[in-house]
Amino acid sequence: MSEHEITLTVNGEKHELRVEARTLLVEALREELGYTGANVGCETGRCGACTVRVDGDALKSCTRFAVQADGAEIETVEGLSEEGELSGLQASFKRNHGLQCGFCTPGMLLTAGTFLEDAEDPSRAEIREAIEGNLCRCTGYHNIVDAVEQVATDGGGESL
Amino acid sequence: MSDAAEGGGVGEPDDAEGVFGSGVERREDIPLLTGEGDYTADVSRPGMAHLAIRRSDHAHARIVDIDTSEAEAMEGVAAVYTGEDVVDSGVPNSIPTAWMLPGLVTPQYRILATDKVRHEGSGVAAVVAESPQRARDALDRIDVEYEELDQVTEPVEAVEKDVPPVHEEAEDNVAFDFELGDEEAVEEAFADADHVASVDLRQPRIVPNAMEPRAAVAEWEDRTEKLRVWMTSQNPHLHRMLLSAGTLGVPENRIEVIAPEVGGGFGSKIYHYPDEAVTAWCSMQLGRPVKWRASRQEGYVTDCHGRDHDTTAEIALDDDGTVRGVRAETHAGLGAQLSQFGTATPSYLYATVLSGQYTVPAIHCRVVGAFTNTTPVDAYRGAGRAEGIYVIERLMDVGARAVGMDPAEFRRKNLVQPEEFPYESAAALVYDSGEYERAMDKALEHVGYEDLRERQERLREEGRYLGIGVANFVESAGLSPSGLAGDLGSQAGGWESSIVRFDSTGTLTVMAGTADQGQGHRTTYAQIAAEELGVDLEDIEVIEGDTDRIPQGMGTYGSRSASVGGGAIARAAREVRSKAREIAEHQLEASSEDVVFDDGTFHIEGAPDRSLHIQEIAHEAYLGHDLPEGMDPGLEETNFYDPENFTYPFGTHVAVVEVDPETGETSIEEYVAVDDCGEVINPMIVEGQVHGGIAQGIGAALYEGAAYGDDGTLETRRMDEYAVPHATQLPDFETDNTVTPSPHNPLGVKGVGESATIAAAPAVVSAVVDALEPFDIEHLDMPITPETVWRALGGAE
Amino acid sequence: MHADGFEYHRAGTVEEAVDLLGSIPDAEPLAGAHGLLPRMKTDEESPPALVDISRIERLSGIERDGGSLTVGALATHADIAESTAVREHAPALAEAAGAVGDLQVRAGGTIGGNLAHGDPRVDPAAAVLALKAKTTLRGPDGERTLAASELFEGEFETAVGADEIVTALEVPTDGAGTSAYHKRRNPLSGYAAVGVAGYLRCDEGAIEEARVGVTAVGPHPIRLRGVEAELEGASAEAATAAAAADRVGESLPASGVRSDPYASAEFRSHLLSVDTEDLLGGLLGDA
């Protein structure tokens, strides 16, 4: 199997690392670079806990080889708050009790935040569709939908 | 230091007044929202190696030979072990059951299989390597030769004649044959009754699917002979005890179990599984830290499943709708091994709630616990009570039809009345307190029950099928006191322990023996301490989940944390307050009756300027210069709290669904939950628990359910084969509550972790069946998928 | 759940990709990875080498030119679903792309990979069949064009050669037809349990041209020829839909209808009839 020198810019910080071709992006982020915010919940692309943004797109990082992301700008949950200040969406999750065990939360934030950038006054059904690819076993989603809806209503866009 | 010097935190009230009962935002959230919180899989130790476990692909097979040589020779592989290696090491190597029943067969349960594999997923060998990838690569190079054996996966079939035994100790696959209630009284009731209605039902296996897979990191330190284990645990002290006395033999006082952030449990992280023992054992062999993390696929075949009941139940009725008696015969699948509470769940936790919220004069229940070649079954959210309430609520539906009454009215007629509490049921429980009709009325009002029934009629004329399902529930929560649990067979205590400690500078530390997996304990426990001691929330630190920091505890299961854990905190805090009062009286030179405690301050009645804040007293207590004669310094108390009895949360849930008879699709139009969990510490968190519980109940009713194939292996082994509900599959929830305090603990709380799961499944099933009443459907088994409905309506014919 | 090791190669141009695929035995192209990677993790596929084509420029645009729409093979499902040109001129394709998986899958998965991989459950395949789209392939012998109906050959088998890559999808848009896609989602997998795409061109109250493509029903996506025959020449009114749907059974695969934990073959066939009628009813209502 081949190995590759790749560059990943994570939350603005540039990292150079060596990976096997088969190394998944989530493995590179967690095991090589220590960004453990993205969680591994299923490895089959169903649970969404590993969602990160790659060049602006929300992607499940278990469904991309790290080498494919060579040169990409990656945003993880660790990059969402600045100097300890929660982002609007993070604060809304807290205010609305949109998380319990928190395991799905990083992926949920990145998916919902990406959705909110383009969404105009989304309905609750549209919010549910947007987070269709992120499973949560604790909340029943109701409060997550509340949290996203509140940010959308209060002027989304800058949610992340 | 005084109250005035302390500011309130963001989102928290400025002072302690009214903190108990208010929806303060969770202190747990920030690390979880920013990715800083560490789950077990995020823990990394210097020199750490990685464990992967080779698991059986067969349901039942004899192990003929295991050849590990090729795997051992691989670069980057530190060691490969088999079950024989564990046996040879001389450790106790036995996972015990924690609940005995009369006549229970308790087969050996080793951490790696030696002679036979008895279910798919059973561990047969372990690889430790320099990376998780390398460890998994090496698994494929282990050659295991099996001799396949006939297998059985269904509990009813398992106990039939001439079925291959899972264990030689139980030739007939019967682990226990349990009875509860008065069989004679039931026979009389049925003989005298005007009507008997019955239902045959199956409650399928649920795979818990906590979002975080199970994991463990073990670090054995040769120098101190100490074992430290980070793991996904709902009860680190129980794990410490079982690792010591059950599997590894390391003295309990040299084991530290740490449950860091835990990503959901729902019961599945209560148990001592082979995996954490293997992880720790490997660390002891190699003298280096070892990490193991289950893949989701491993989780499907190794995390204890829930439910797996086959039941025939009957209800005896008078013409006027009075319930005379209930009887049930259940075959419960236990899986291939006895998990710790696998015996308690289908016996006492199940049969004792079979009267639900109703006056049922005679009850009898028989449960045959069967070994099957499947993943062990143990408590899953609602454990036992969910299965029992499901049975009685299905009976209340078929009973209502038998006597021609509206199902809600029929339920109302048979409710236990408020003045009857404490109420001793015919199923051996004493319900603490309840106003069932109040919650039921509230729920029916929310949906506009009468109007809905009219709408249902109109829609039926248009060929549309609306269904209304009403489910009443009451559950036994808390699993305490110890003595009662012990009488029923528990091998563990039912108490909880807490330490409440003022520090010398006036901050407060609360240590709790429970362990959080998302419930927000650190927030609610701080609210309890703030209420009891008048200290600002931000001055309170709550510590949980580390056996070296919190000496004793039982953990989090059975909806017990608020009632038993919270009770221990309240009692320890009250003892602290009482000692502080003595110091205050001494230093204020006043007698007890003249000193009042108000919002953290002791002052002399009528002279508010002569006062001492409890945080100042803390300083005095540690200074020790001026304490009452004979008083020891310090201000901390440890409390072991063993409640008087179980608590009994209750409520009514109503589901309104529309079923499309052509495609079989069920859509939930409205879902209303009215819960009574006694006093509410934090309404936001309680609502969250209700939401999550409803989701799991709806999941069971409509989507979930594990299935085994003809070869005894699991057919639903991935998230694209087993339906954990997505956001688009669940409706918005409407929640409300009533408050009937429990007299059984100092806070009046009842617990809420499991309530909604218990209620939601019968509510939804009832609604679907109600929708299909025109087609003469009396019952459908879960999960009621579109195909289930289509087949029930004759679509396949 | 992890992929076996493989050699990774990155192609900068179509020519380079074709060369690499031609020179490395059993090499497979890699774009969005959404079809292939999950199957590599479960050992259902284990290619010794992958040629990453995702960085080839000029393969991702969507253009309308005269009577057709050209969709680059690397266009993501999200690109297609959001494209005004596709929504306007090939609504079935936009709807199918918009129905794929979830937000993340639509952002990462590409149309070329989606079609070339041969997964029998993919949404766009139904639309591609109904719209009579063509795929443009490049191989060592240059470019060739495959009709949609020639593309799908079996479960994970397509007519795309081992050393070929899909470069574009050509969708004819000259007619005055209408099209739509209906997905009955398998909530477990996110794929279609049944997906039906229809294209109708009507003139003066009669159906001139009809095509119905379905996915997730057989070993590969198929056209419902019997249904189409019933439609063509019939009057463009709602009642026609029911008559047409009655002929769904004629085109069901001889090898049997798919069965999975969500729906048995029998139930799936039933759903196909229901959904075909619904979809056609809707199209006839619009026509």
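We use all heavy atoms of the structure for the numbers below, so side chains are in, but hydrogens, waters and symmetry mates are not. Predicted model, so just to flag it, every value in this text is computed and none were measured.
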> With only heavy atoms counted, which part of B:Q689 is less than 4.5 Å from chain A, the side chain, the backbone, both or neither?
Replying inline: both
>> Quick check: closest heavy atoms across B:P213 and A:G41, and the distance to 0.1 Å?
In response: CG-O, 4.1 Å
> If you take all heavy atoms of B:M684 and A:H97, which pair is closest and at what distance?
Replying inline: O-CD2, 3.2 Å
>> Is it the case that the side chain of A:R30 and the backbone of B:A41 share a donor-acceptor pair, with hydrogens and angles ignored and the cut-off at 3.5 Å?
In response: yes
> Just one of A:E132, A:R128, A:E129 clears the side chain to side chain donor-acceptor pair (under 3.5 Å) bar with B:T728, so which one?
Replying inline: A:E132
> Relative to chain B, which segment of A:L86 carries a heavy atom at a distance below 4.5 Å: side chain, backbone, both, or neither?
Replying inline: side chain
> Are the side chains of A:K94 and B:R26 in touch, meaning some heavy atoms are under 4.5 Å apart?
Replying inline: no
> If you take all heavy atoms of B:L32 and A:G102, which pair is closest and at what distance?
Replying inline: CD1-CA, 4.0 Å
> If you measure from OG1 on A:T44 to CZ on B:R296, what distance do you get to the nearest 0.5 Å?
Replying inline: 8.5 Å
>> Only heavy atoms, only distances under 4.5 angstrom. Which residues in residues 137-148 of chain A are near chain B?
In response: A:R137, A:C138, A:T139, A:G140, A:Y141, A:H142, A:N143
> Between A:V77 and B:L33, which heavy-atom pair has the shortest distance, and what is it?
Replying inline: CG2-O, 3.3 Å
>> As an exercise, state the distance from CZ of B:F266 to SG of A:C101, rounded to the nearest 0.5 Å.
In response: 6.5 Å
> Out of B:L730, B:D732, B:N209, which one racks up the most heavy-atom pairs below 4.5 Å with chain A?
Replying inline: B:D732
>> Counting only non-hydrogen atoms closer than 4.5 Å, does B:P31 touch chain A with its backbone (N, CA, C, O), its side chain (CB onward), both, or neither?
In response: neither
>> Using 0.5 Å steps for rounding, measure from the CD atom of A:E31 to the OG atom of B:S44.
In response: 9.5 Å
>> Looking at every non-hydrogen atom in both residues, tell me the closest pair between A:C47 and B:M211 and how far apart they are.
In response: CB-CE, 3.5 Å
> Considering all heavy atoms of both residues, which atom of A:L135 and which atom of B:M719 are nearest to each other, and what is their separation?
Replying inline: CD1-SD, 3.7 Å
>> Between B:I685 and chain A, with a heavy-atom cut-off of 4.5 Å, which part of the residue counts as in contact: side chain, backbone, both or neither?
In response: both
> In terms of heavy-atom pairs under 4.5 Å with chain A, which of B:R293, B:E687, B:Q519, B:R381 leads?
Replying inline: B:R293
> Any sub-3.5 Å donor-acceptor pair from A:Q100's side-chain atoms to B:G688's backbone N or O?
Replying inline: yes
>> Donor-acceptor pair, distance only, cut-off 3.5 Å: does the side chain of B:E212 make one with the backbone of A:F103?
In response: no
> So how far is it from B:Q133 CD to A:T23 OG1, rounded to the nearest 0.5 Å?
Replying inline: 6.0 Å
>> Between B:R136 and A:E27, does any side-chain N to carboxylate O distance fall below 4.0 Å?
In response: yes
